[in-house]
Amino acid sequence: GRASTPEEVEFLRQPGSPEALGNWVEELFLREQYQLVIPTTEVSLHSLKSRGVDPELRTRMAIPDEESLDVALDKQRTIELARRLGIPVPQSSRIESLECLPHRARYPTVIKPLRSKLPVQGEMRSFGARICRNPAERLAACAELLPHAAVIEQEPVIKRQRNAVI
């Protein structure tokens, strides 16, 4: 067939919980007989991952295999892959709990959850990286994130840029 024009593309409001979203996508696919489904958000990828998606739907989805999804959605796995490929990554360590929080001598530091989207009370919530300039900010970031998932602590990447105006 022909390609859709921007005016013909329909954007649909999706449910918030991963389980409901996965069910909604499958029902929509079967009802509307879409030829292609492209999950583009981290939430949609989470909701379709490891749920035994109908084989007919899976063949029409632009979605990577489970292992590739796991690497893409998990910061620790992404870091490990980058290192194996020789891509420079900041010095990183995984923290599992506040009780295991190691001493830190230098600041700033960056605290980020293993995954940016995490299920909280049945809904997917976004959790971003925190730049911590001192021990109190670091402890607060860890206290907020660790109840939901382990975190990665990284050295910040500071790029110095020189500009000239002529």
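Counting begins at 1 with the first residue of the sequence.
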Ser93: side chain to side chain donor-acceptor pair (under 3.5 Å) partners, not counting sequence neighbours:
none
CD/Gln35 to CZ/Phe29 distance, rounded to the nearest 0.5 angstrom?
9.5 Å
Identify, with sequence neighbours excluded, every residue that meets salt bridge (Lys or Arg N to Asp or Glu O under 4.0 Å) alongside Glu144.
Arg130
Side chains of Lys75 and Ser116: donor-acceptor distance under 3.5 Å anywhere?
yes
With a 4.5 Å cut-off on side-chain heavy-atom distances among I, L, V, M, F, W and Y, is there a chain of contacts connecting Ile79 to Val71?
no
Heavy atoms of Thr78 and Ala72 approach each other most closely as OG1-O, 3.9 Å
What's the spacing between Glu26 CD and Asn23 CG if we round to 0.5 Å?
6.5 Å
For Ile95, the rest of its hydrophobic cluster, which grows through side-chain links under 4.5 angstrom:
Leu98, Leu101, Ile111, Leu118, Val120, Phe127, Leu139, Leu145, Leu146, Val151
Can a donor-acceptor pair be found, under 3.5 Å and without considering hydrogens, that links the side chain of Arg60 to the backbone of Tyr34?
yes
Keeping the roles fixed (side chain from Arg115, backbone from Lys117), state whether a donor-acceptor pair exists under 3.5 Å.
no
Kindly state each residue pair satisfying salt bridge (Lys or Arg N to Asp or Glu O under 4.0 Å) with at least one member in residues 32-46, sequence neighbours excluded.
none
Minimum heavy-atom distance between Gly128 and Pro113, given as atom pair plus value
O-CD, 3.7 Å
For Val110 against Ala129, the heavy-atom pair lying closest together
CG1-CB, 4.0 Å
Do Leu45 and Trp24 land in one hydrophobic cluster if side-chain heavy atoms of ILVMFWY residues count as linked below 4.5 Å?
yes
Residues passing the side chain to side chain donor-acceptor pair (under 3.5 Å) test with Gln91, sequence neighbours excluded, are none
Please list all pairs passing the ring-ring contact (aromatic ring centres under 6.0 Å, His included) test where one or both residues lie in residues 71-100, with sequence neighbours left out.
none
For Arg83, what residues pass the salt bridge (Lys or Arg N to Asp or Glu O under 4.0 Å) criterion, not counting sequence neighbours?
none
Can you spot which of Cys132, Pro90, Pro135 makes a side chain to side chain contact (heavy atoms under 4.5 Å, CB included) with Thr109?
Cys132
Among residues at least two apart in sequence or on other chains, which ones pass salt bridge (Lys or Arg N to Asp or Glu O under 4.0 Å) with Arg138?
Glu153
Set of residues satisfying salt bridge (Lys or Arg N to Asp or Glu O under 4.0 Å) with respect to Arg84, sequence neighbours excluded
none
List the residues meeting side chain to side chain donor-acceptor pair (under 3.5 Å) with Arg133, not counting sequence neighbours, and say none if there are none.
none
Please check if atom CG in Leu30 has more than 12 non-hydrogen atoms from other residues, nucleotides or ligands closer than 6.0 Å.
yes
Fellow cluster residues of Leu36, listed by chain then number, with links counted only when side-chain atoms sit under 4.5 Å apart:
Ile38
Listed partners of Arg77 passing side chain to side chain donor-acceptor pair (under 3.5 Å), at least two apart
Glu67
